[in-house]
Amino acid sequence: MKTEVKSTCCYCGVGCGILVETENGVISGVRGDPDHPANRGRLCTKGATLNQTANATYRLQYPEKRPQRGAPGLRLHWDQALDEAAERFAAIIREHGPDSVAFYISGQLMTEDYYVFNKLAKGLIGTNNVDTNSRLCMSSAVAGYKQTLGADAPPCSYADIAQAKVIFIAGANPAVAHPIVFRYVEDAKAANPDLKIIVADPRRSESAEIADLHLPIKPGTDIALFNGMLNILINEGMIDEAYIAAHTTGFDALREIVKKFPPAIAADICGIATADLLQAARWFGTCGAALSLYCQGLNQSAHGTHNNAALIHLHLATGQIGKPGAGPFSLTGQPNAMGGREVGGLSNLMSAHRDLANPAHRAEMARFWGVPYVPSKPGRSAIDLFGALKSGEIKAVWIACTNPAQSLPNQAAVRAALETADYVVLQEAYGNTDTAAYADLLLPASGWGEKHGTVTNSERCITRVLPAVQAPGEARHDWEIVVDFARRLGARLDHAAAGRLFPYTDAEAIFNEHRESTRGRDLDITGLSYALLEAEGPQQWPYPEGAASGAVRLYEDGRFPTPDSKARFVPTEHLPTAEATSSDYAISLLSGRMRDHWHGMSRTGTVPRLFNLEDEPLLAMHPCDLRHRGLEDGDLARVSNGRGHMMVRVAERPGLVRGRAWMPMHWGNQFMNTPGANALACDATDPYSKQPELKHAAVQIEKAELPYPLTVVRRCASQSEALALLQGARGQLAAYPYASAGLYGRKSPLVVFRAATAEALDETAIAALDRLFGMAGEVGAIVYADATRKVSKKAIAHDGRLLGVRLVGETLAQAWLKQAMAEDELDASLIRFALAPTAKPPVSMPVRNIVCKCADVSDEQINAALAGGADLPALQDSLKCGTFCGSCVPDIKRMVAEHSKKADAIA
C-alpha cells in the first residue's frame, strides 16, 4: 500500500516541502509539496532524488565501540554505549572541569534536537562549549544582522523576489546553491523584463548568466564595493535622508568613511570598471524596490560580519527595507541553520536570540531552566574548539550530524586535533564519513525521511516534519539520544535536577518548552503548536499568542529590536583577504558548490546520476594560467600552500579572471586521495562572528609529472552493488599519488576509478585491481598489452554487454565509455573498441540533451514518448519531467507543440 507523508528537503536552507511516498515501509518516491509556501511543488535535482538516497548501505544501524581508532567497531547495546559515554564524560568533567568537554553539532538537526543539546551543555554540564557547523556558513550573517538591525532576523520573504525592481546578488550563486530561489528570480525576470539583476562574484557564476550587470570583483573587496556604491548614492542624492534621521543612528560617522571610496578608487580596489560601479549604484538607488540576496561569498571571510553590514547599509541609507520587494535577504546554507540560531546553537548565543554575554539574558535562562546559573565564560567557536582539542584543553568532544574532518578549513590541523583527543563520540546517520575514522564511540541516528520535529528556513518559516519510515536497525532520533545521555550523565555528576531538566517523552514536549522561551522575544512563537502547524501548514515567525498569522516581512514600521528602536550604521572599512597572493602562491583559490551535490556528499554521493554533470574533482582555471604552467585542459596538477596540498585534474573554464582558480568544496577523502579544497583553506576568522575565511586561499599550482594514467569503469547491477564496490575502491585511493573514485549512470550505475603514477604499474598491481573490480579471469575477457609503451588494457563482457573496462597506461576511451556503458549503447560486435586508443566512440552515438535535469530526462526520451502518443500530462506522469523545479516546462511545451505541428503536417 502506498502512502504519502509531508516532510522537507534536507539540503539547503530554502526549506522546500516534500511529499514522501512509501510502500511497504520503504521510501519509494518523492515529489514537491504543492501546498508548501517555500517551493509550491518545485524541487531541485538534489531534492528530486532524495528517495534514491534511502539506501542503507553506509548507514550506521547499531551503537559501536572501537577498541582502538581505525579498528572495526564492536556492536554494543544502547545501555552499554550511553553508560560508557556518561562514565567517560563524567570522569573528564570531575578531573578537568566542565570546559574540558565540548559538543559540535549541525544545521541539519531538528530544532528540538538543537534545543536539548544546548540545554545539556549550558544547563546541565555548565559549559558553553557547544557550537555548530553553522559557524562555517551563517555566523557572519547572524552578526551582521545583529550589529545593524538589532536581531538575527531576516526581514524578507520569498514573495519579495516577485515584487523587486532590482535584485542584487552578492557573494551567492543561487542558481546552483539555492535553485528554487533562483527559479523565483527567473520567474520575476520573465514577468518583468525591466527588472534589473546585478551579480557581484569574483567569477562569472551560473547566476551571473541571467544578470544585466556582472561585477567580477577581486576576492575580499566586498566592503570596498558597497562603500563605493554608498558614496555614489550619497553624492548623487539617492539616499533617503528622512528615513535615516527617523529610523537609524551612526550615519554621519559612516558618511565620513565612505568619502574615501569615490567611484574611481573603489572600482580600482575591486578590479572593475568605474562605469559598472556607477551603474550598479544608480540601479540600486533609482529602480525602486531593491532586494539583496547574499550567502557564503560574504560570510566566509575574515571580515564577513562587516561584509554583511556594509551591504545592509545600502538598504538602510535608501530606506529599502520593510517594504514589498525590498530588504537584505541572507540565504541560509543548511536546512535548519535558522532553527539552531533560534535556540542558541552557537557558543555565544542562548535560546530565543539571547546573548550569552548579557548577564540579564543568562539570568533569564537560568530561571527558565531552573538551574543556579548559566556560565558566563564564552564557549569555544568551531575553529577554537578544535584548536583546544589539539592543545588538550578540551579532552572529549561529541560530534553530531556533521563531518568536521571534511568541512573545516586547514584539515591537517583538524585531523591532528581529532587524533589527539582523549575521547570522540560521533552521533551520525552514516558510518563512512571522514570523521567516523576518528570516533571511539559511534551512535546511530535517524536520517532524512525518518525524523520528526520542526525546521525553520531562510524566510523564518517553521515547518512540522513527520517521519515517513522507521530508521534502520536500532538508530534513534537525535533528541532521544541526547536526553537519555543527559539523564545518565546527570546521575554520575550527582546533579539532582537531571531528571527534571530532561523530562521529555516526545519531540513535542521539547518544542513546547522552546516555544515558551520565546515569549516576548523578537521571534515570539507562542501562538504556534504542532497541531496548528499540521492543520494550517508552515508559518513564519514572529507568531505570538493570539496572532492569526506570522509576519511576511519585518520592520515595516521602521522600528528595530535595539534599545532606541533604531537601526545602526557601523564603521565598515575595506580590508584585504586574510591571505594575500605572492610570487610563491600566485593563485587565489576560490571554492563553492555544485548543483547536484551538497556538503561532504555523504548522502548525494550515493546517487549515481548526481555525478553525471561532473563525476570527478576538477580545478577550474583561466587558460592563460594553464599555459603559464605548461598545463592543458585535463592535465593533473599539484595545488599546495603551507597548510596542505592536493592532486587534481585541471579544466579550462569560462568565467574566471586570470589569477583565480575555482573548485567545489564537496570533494574530500571519500572521492579523492586528499581532503580536497579544505586541506588548503584558510582558518583565519572574523573577529565578531568567528567564521573562517573558507572562500579564499593563496596557492601554488604546478604540473604533476604522473605520465602513467589508469581508469577502471565498472558497470553494476544495482545501486547497492555500486556503493559496495565504491567503498572497496576507496581503500585504494591512498595507494596512488593521484586518485579519485566516484559514481556515474542512468540505466546502469557505474563505478569510475581514476589514478596516475610516476612509474608504470607492474603486473601484480594490475592483477590486484582486476580482483578488486571483479574483472579477474579470462571468461568474457578481451585483453591488449604493449610492453614497450607499458600499456595494459582489459574489457569484460557478459551476455553481449560490457561489464567493465580497465585501462592502464593509456585511457582515452574512458571519455565515451561512461555513457556507452551507463546507457547500454555499445553493440556486442563493437565491444572490442573499448580498448581502442581514441576518445571518439566507434560509431555515432546519440548526443543527449538533458531537458529535465531534475528527473534526468533527455530530448530523446521525450521525443520517443511523444511518438508513442504522449501529451504533456502523460510525459509528466511517465517520465516525471517538468514535475520538480519547473524550469524545463517551457522547453517541454515547445517540444510538444513542435511534435503536434509535424504530426498535423503529415496528416
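Everything numeric here is computed off the predicted structure, so don't read it as measured data. FYI, side chains are in, hydrogens and waters are out, and symmetry mates aren't considered; it's all heavy atoms of this structure.
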Checklist line | Audit row: Ser207, Asn173, side-chain hydrogen bond (donor to acceptor under 3.5 Å, both in side chains) steps and yes/no | finding: CA-CA 5 Å; Ser207 298; Asn173 187 15; 2.6 Å; yes
Margin query: If you apply the rule side-chain hydrogen bond (donor to acceptor under 3.5 Å, both in side chains), what do you find for Thr305 with Asp686, and how did you get there?
Written below: CA-CA 7 Å; Thr305 299; Asp686 177 278; 2.9 Å; yes
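- Between Ile850 and Val857 the shortest side-chain heavy-atom distance does not fall below 4.5 Å.
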Next item on the list: For Arg559 and His247, run side-chain contact (heavy atoms from CB on, under 4.5 Å): C-alpha distance rounded to whole Å, both residues' side-chain angles, the deciding distance at 0.1 Å, then the answer.
Entry: CA-CA 7 Å; Arg559 295 178 61 82; His247 302 297; 5.7 Å; no
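- If you look at Tyr158 and Phe329, their ring centroids are closer than 6.0 Å.
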Checklist line | side-chain contact (heavy atoms from CB on, under 4.5 Å) evaluation trace for Gln147 with Phe569 | finding: CA-CA 8 Å; Gln147 283 193 4; Phe569 290 97; over 6 Å; no
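- The backbone N or O of Cys852 lies less than 3.5 Å from no partner atom in the side chain of Asp856, so there is not a single donor-acceptor pair.
- We find that Lys189 and Glu186 are not joined by a salt bridge, their nearest charged nitrogen and carboxylate oxygen being 4.0 Å or further apart.
- Within the 4.5 Å cutoff, the side chain of Met621 has no heavy atoms near those of the Arg653 side chain.
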Item checked: Criterion side-chain hydrogen bond (donor to acceptor under 3.5 Å, both in side chains) on Asn231 and Asn235, from CA distance to verdict -> CA-CA 6 Å; Asn231 177 288; Asn235 290 333; 2.9 Å; yes
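- Salt-bridge check for Glu614 with Arg595: failed, with every basic side-chain N at 4.0 Å or more from each acidic carboxylate O.
- Taking CG from Asn457 and OG from Ser157, the interatomic distance works out to 9.0 Å, rounded to the nearest 0.5 Å.
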Notebook entry, point to check: Stepwise, does the side-chain contact (heavy atoms from CB on, under 4.5 Å) test hold for Asp276 with Leu213?
Noted result: CA-CA 8 Å; Asp276 288 345; Leu213 178 62; 3.7 Å; yes
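- Between the side chain of Asn299 and the backbone N or O of Cys137 there is at least one donor-acceptor pair closer than 3.5 Å.
- Salt bridge Lys323/Glu556: absent, no basic N to carboxylate O contact under 4.0 Å.
- A donor-acceptor pair under 3.5 Å links the side-chain atoms of Asn227 to the main chain of Thr572, judged by distance alone.
- Annotation: side chain of Leu230 is in contact with side chain of Leu254 (closest heavy-atom distance under 4.5 Å).
- Atom CZ of Arg894 is surrounded by more than 12 heavy atoms from other residues, nucleotides or ligands within 6.0 Å.
- Between the Arg658 side chain and the Cys624 main chain, no donor and acceptor come within less than 3.5 Å of each other.
- Between Lys146 and Asp152 there is no salt bridge, since no side-chain nitrogen of the basic residue lies less than 4.0 Å from a carboxylate oxygen of the acidic one.
- Of all the heavy atoms in Gly319 and Asp240, the pair that sits closest is N-CB, 4.1 Å.
- More than 12 heavy atoms of other residues, nucleotides or ligands lie within 6.0 Å of CZ in Arg40, so this atom counts as buried by the packing criterion.
- Ring centroids of Tyr688 and His306 are separated by less than 6.0 Å, placing the two rings close together.
- Aromatic rings of His315 and Tyr555 (six-membered ring for Trp) have centroids beyond the 6.0 Å cut-off, not under it.
- In this structure, Leu311 and Leu298 have side chains that are in contact, with non-hydrogen atoms separated by less than 4.5 Å.
- The distance from the CD atom of Glu652 to the CG atom of Asp633 is 6.0 Å, given to the nearest 0.5 Å.
- A donor-acceptor contact shorter than 3.5 Å links the side chain of Arg460 to the backbone of Ala551.
- Note on Lys218 versus Asp268: no salt bridge recorded, every NZ/NE/NH1/NH2 to OD/OE distance being 4.0 Å or above.
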Item checked: Derivation of the side-chain hydrogen bond (donor to acceptor under 3.5 Å, both in side chains) call for Glu693 and Thr685 -> CA-CA 6 Å; Glu693 190 161 281; Thr685 59; over 6 Å; no
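- Counting heavy atoms from C-beta on, the side chains of Thr604 and Tyr11 come closer than 4.5 Å.
- Between Phe168 and Phe284, the ring planes lie perpendicular to each other; the angle is over 60°, past the 30° to 60° tilted range.
- Of all the heavy atoms in Leu590 and Pro202, the pair that sits closest is CD1-CB, 3.8 Å.
- When only modelled atom types and interatomic distance are considered, Gln700 and Asn641 share no side-chain donor-acceptor pair under 3.5 Å.
- When atom types are taken as modelled, the side chain of Thr221 and the backbone of Ile217 share no donor-acceptor pair closer than 3.5 angstrom.
- In terms of heavy-atom proximity, Cys44 sits nearest to Cys854 at C-SG, 3.8 Å.
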Check: For Asp160 and Arg553, what are the C-alpha separation, side-chain angles and deciding distance, and is it a salt bridge (Lys or Arg N to Asp or Glu O under 4.0 Å)?
Finding: CA-CA 9 Å; Asp160 287 311; Arg553 64 187 57 85; 2.7 Å; yes
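- Under the 4.0 Å criterion applied to side-chain N and carboxylate O atoms, Arg649 and Asp635 are not assigned as salt-bridge partners.
- With contacts defined as side-chain heavy-atom distances shorter than 4.5 Å, the pair Leu277/Leu215 does not qualify.
- Formation of a donor-acceptor pair under 3.5 Å by the Asp212 side chain with backbone atoms of Ile197 is found in this model.
- At least one side-chain heavy atom of Trp541 sits less than 4.5 Å from a side-chain heavy atom of Thr456.
- When atom types are taken as modelled, the side chain of Arg204 and the backbone of Gly655 share no donor-acceptor pair closer than 3.5 angstrom.
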Next item on the list: Walk me through it: do Met646 and Leu680 pass the test side-chain contact (heavy atoms from CB on, under 4.5 Å)?
Entry: CA-CA 8 Å; Met646 63 178 172; Leu680 300 102; 3.9 Å; yes
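- When atom types are taken as modelled, the side chain of Thr332 and the backbone of Gln334 share no donor-acceptor pair closer than 3.5 angstrom.
- Note on Glu632 versus Arg629: no salt bridge recorded, every NZ/NE/NH1/NH2 to OD/OE distance being 4.0 Å or above.
- Under the 6.0 Å cut-off for aromatic ring centres, Phe611 and His597 qualify, their centroids lying closer than that.
- Contact detail for Thr562 and Gly150: the closest heavy-atom pair is CG2-CA, 3.6 Å.
- Put simply, CG on Asn39 and CZ on Phe884 are 12.0 Å apart, with the number rounded to the nearest 0.5 Å.
- One finds the CD1 atom of Ile161 at 10.5 Å from the CG atom of Leu195 (value rounded to the nearest 0.5 Å).
- With rounding to the nearest 0.5 Å, the separation of OG1 in Thr45 from CE in Met594 is 10.5 Å.
- Contact detail for Lys695 and Gly297: the closest heavy-atom pair is CE-N, 3.9 Å.
- Listed here is the closest heavy atom pair of Ile269 and His574: CG2-NE2, 3.6 Å.
- Although no hydrogens or angles enter the test, the distance criterion places a donor-acceptor pair under 3.5 Å between the side chain of Gln320 and the main chain of Gly288.
- The CD atom of Gln279 sits 8.0 Å away from the CD1 atom of Ile198 when rounded to the nearest 0.5 Å.
- Two residues are said to be in side-chain contact when any heavy atoms from C-beta on lie closer than 4.5 Å; Arg660 and Arg203 fail this criterion.
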